[in-house]
Amino acid sequence: ARVTIKPLVEDGNMRQSKPVDRNVNIKKIELEKQFVRSELAAVSDNIRSDDTREVSEEATETGLEEEVGKKSYRTYTMEMKKLKLDIPSQVVTVANQFEMVTKAVTMLHHLPYKQQLAMKQVKNKEVVARLKRQKQAAGQMNCTPSPTLSSPVLEQYRTRDQFSVMTNIQGKLTVGFYVGGKRDGVVCVEPSSIGIIRDTHKEVAALYQQFIRESALDTNLFFGESVDQGHWGGVMVRSNHKGEVMVSIEFNQRKLEEKELEEEKQKLVEMFTGSGLPIVSLYLAVMNHKKVSNCLLLGEETITEVINGVPMLLGPDTFCQGNIAQTERMLGLLGRKVNSSKSKTLLDLCCGGGLYSLHMANRFRGCVGVDMVDTSFATRSAEMNELSNCNFMRGRVEVVLPQLVEDMKMMGGGVSAILNPGRSGVHYRVIQELRRLHLLDTLVYVSCQPEDRKVFYNMLDLMAPDKKGTPAKMMTTPFSLVDAIPVDMFPNTHHCEHVFVFRR
């Protein structure tokens, strides 16, 4: 996950070669909040009094108390906040920096895997219990708790990593993850000690780190458009089942001339070509006047991943689940829950690289995917697999869906849908349109952050009755929640995918 950070040092004249004085960092609290939202750097956010009150009420009303091993805790939320608070309370030193980054990125690595699974089940139960307490969902909750679907792979499973750039505890430019707290500041630590990251990804990060340390161009430590300083940014590393690697490096052009930019591109190509790493694709993501252009410097435009025997093309920005072995298990689960039929259409919302459509096209009359990010790779993947019944559209779901709903009404036949949005869910209009589609009888909502307010209300709005006074021709039938299944896509971390199955 990308993190937008504020300036650590307001003095634009400070040279990067000098250690950054972390004691003068006046943006620590804002920076800390950004890290909590990051997928990997799970550092503590300030605990607000109303959050604490909500957790206490939830624990009391649900009576939810899990005993895992010898450790007892009342709610998953309380346990996670406790673990997050433990990380920034320690001062990062040269001696403990790798231990600290391992704790931040893989917060649950010290726990037996069975205990991790039980904790993630507790989170799922809490979300369901909270939904049950809402009057709008009365009579629409027909699910029982499900055990967490375990991952067959626990280490080096991540197929995609996003590394950040900042100074380390010794003031040297470093490629890795942020660690630290409000009191003593934040530093960057190399990913070498983190077990869930593949060795080739670590090697790319180390190579890029060497490159920016030797580069004559400054590194963009501030990531702020208001601070016109620095060029080199973070790096994305993606690898496939063959071990082939795609690299995309962020670069802010600012006032750099095109000739100088071309020279830097050539230096990157020479470095990666001579590295001996299995690099099959190298991009430079150039930001210029707030517009980002993916410039292919070396190799192929895409990298090919194979999931359950189905190849799919992935670009530098294409979304695909990052744990392939567990993705195959989740696809099996979704195949059993999506209520497929050769007479029905699959609506694949927030489709990314077209994962669900590509694997379920043979179960449906047709598949229609929508995503705001470029769907051309999904289209090419369908063509590569000779799937003529898949159609992918680019655009915001809330903008594209109304016309799509009308088209489906005209076409007739049943509809099933898979909705896999980002962490903050979808616009409420998406839920409204889905309810208006009377042909839709099954909706599978996949979320890695079901506790998010917007996601929670997405699900609640699916089950709520129509408002009083709704015209007869606008009346809709609410959905019922029939399954809530946690899927451990991120072993050793506090993250987890959750599959919610709605029917009507």
Side-chain angles (χ1 to χ4, degrees), residues 127-128 130-143 337-339 344-352 356-357 366-373 375 391-484 498-504:
V127 173
V128 173
R130 185 181 171 199
L131 285 168
K132 283 184 176 179
R133 295 200 304 273
Q134 310 304 312
K135 292 181 180 179
Q136 302 97 309
Q140 302 301 115
M141 301 287 294
N142 301 318
C143 66
K337 299 296 182 181
V338 75
N339 194 18
K344 298 178 69 176
T345 299
L346 175 66
L347 195 54
D348 187 359
L349 302 178
C350 306
C351 64
Y356 304 127
S357 291
C367 301
V368 181
V370 182
D371 202 299
M372 63 179 294
V373 180
T375 57
N391 181 35
F392 297 98
M393 309 168 65
R394 182 176 184 178
R396 290 187 175 276
V397 177
E398 63 268 25
V399 175
V400 175
L401 192 57
Q403 184 59 51
L404 197 54
V405 165
E406 293 303 317
D407 293 343
M408 287 186 166
K409 287 179 180 178
M410 292 288 292
M411 185 172 58
V415 179
S416 291
I418 298 177
L419 174 58
N420 188 7
R423 295 180 182 176
S424 58
V426 291
H427 197 281
Y428 76 94
R429 290 177 185 168
V430 174
I431 305 300
Q432 288 181 329
E433 291 297 331
L434 290 173
R435 289 190 55 147
R436 284 183 54 235
L437 183 56
H438 299 292
L439 302 172
L440 177 64
D441 59 18
T442 302
L443 170 64
V444 180
Y445 195 124
V446 183
S447 174
C448 65
Q449 195 163 300
E451 72 277 17
D452 178 87
R453 181 180 178 86
K454 198 169 182 180
V455 175
F456 179 80
Y457 280 106
N458 280 171
M459 294 193 289
L460 190 60
D461 288 344
L462 285 169
M463 297 184 288
D466 288 317
K467 293 181 179 179
K468 291 183 178 180
T470 302
K473 65 179 181 178
M474 298 295 291
M475 296 287 284
T476 64
T477 303
F479 287 84
S480 295
L481 179 62
V482 298
D483 282 299
H498 298 261
V499 174
F500 299 93
V501 182
F502 295 88
R503 298 195 196 279
R504 64 177 178 180

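In what follows, every heavy atom counts, from backbone to side chain, and hydrogens, waters and symmetry copies are set aside.
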Legend entry - Donor-acceptor under 3.5 Å (Gln140 side chain, Phe479 main chain): yes
Inset, instruction - Could you give me the CA-CA distance, side-chain angles and deciding distance for Val455 and Tyr445, then say whether side-chain contact (heavy atoms from CB on, under 4.5 Å) is met? - result: CA-CA 10 Å; Val455 175; Tyr445 195 124; 3.8 Å; yes
Legend entry - Taking every non-hydrogen atom, the tightest pair across Glu451 and Arg130: O-NH1, 3.7 Å
Legend entry - Plane angle bin for Phe500 and Phe502 - parallel if under 30°, tilted between 30 and 60°, otherwise perpendicular: tilted
Legend entry - Distance (rounded to the nearest 0.5 Å) between Leu439 CG and Lys409 NZ: 8.0 Å
Legend entry - Contact check, side chains of Asp483 and Val499, non-hydrogen atoms, under 4.5 Å: no
Inset, instruction - Count the heavy atoms of every other residue, nucleotide or ligand shown that sit under 6.0 Å from CE of Met411, and state whether that count exceeds 12. - result: yes
Inset, instruction - Can you spot which of Leu347, Val426, Val446 makes a side-chain contact (heavy atoms from CB on, under 4.5 Å) with Leu419? - result: Val426
Inset, instruction - Check the pair Met408 / Val415 against side-chain contact (heavy atoms from CB on, under 4.5 Å), numbers first and verdict last. - result: CA-CA 8 Å; Met408 287 186 166; Val415 179; 4.1 Å; yes
Inset, instruction - Of all the heavy-atom pairs spanning Asp371 and Gly352, show the shortest one and how long it is. - result: OD2-N, 2.7 Å
Legend entry - Asp461 versus Tyr428, side-chain donor and acceptor atoms under 3.5 Å: no
Inset, instruction - Working to the nearest 0.5 Å, report the span between CZ of Arg504 and CG of Leu440. - result: 5.5 Å
Inset, instruction - Only one of Val501, Leu462, Asn142 passes side-chain contact (heavy atoms from CB on, under 4.5 Å) with Ser480; say which it is. - result: Asn142
Legend entry - Interatomic spacing from CE in Met463 to CE in Met141 - rounded to 0.5 Å: 5.0 Å
Legend entry - Non-hydrogen side-chain atoms of Val430 and Asn458 separated by less than 4.5 Å: no
Legend entry - Heavy-atom side-chain contact between His498 and Val127 under 4.5 Å: no
Legend entry - Rounded distance (nearest 0.5 Å) linking atom CE of Met474 with atom CG of Asp466: 9.0 Å
Legend entry - Residues Asp452 and Ser424: side-chain donor-acceptor under 3.5 angstrom: no
Legend entry - Cys350 versus Pro421, closest heavy-atom pair with distance: SG-CA, 3.7 Å
Legend entry - Atom pair OG1 (Thr345) and CG (Asp407), whose distance is rounded to the nearest 0.5 Å: 11.0 Å
Inset, instruction - Report yes if some heavy atom in the side chain of Glu433 is under 4.5 Å from a heavy atom in the side chain of Glu406; otherwise report no. - result: no
Inset, instruction - Check step by step if side-chain hydrogen bond (donor to acceptor under 3.5 Å, both in side chains) holds for Arg503 and Thr442. - result: CA-CA 5 Å; Arg503 298 195 196 279; Thr442 302; 3.0 Å; yes
Inset, instruction - Report yes if some heavy atom in the side chain of Lys344 is under 4.5 Å from a heavy atom in the side chain of Leu346; otherwise report no. - result: no
Inset, instruction - Write down the atom of Arg423, the atom of Cys448, and the distance for their closest heavy-atom approach. - result: CG-SG, 3.5 Å
Inset, instruction - Could you check if a side-chain atom of Thr375 sits within less than 4.5 angstrom of a side-chain atom of Met393, using non-hydrogen atoms only? - result: no
Inset, instruction - Starting at OG of Ser416, measure out to CG of Asn339 and round the result to the nearest 0.5 Å. - result: 5.0 Å
Legend entry - Pro450 versus Ser447, closest heavy-atom pair with distance: N-OG, 3.3 Å
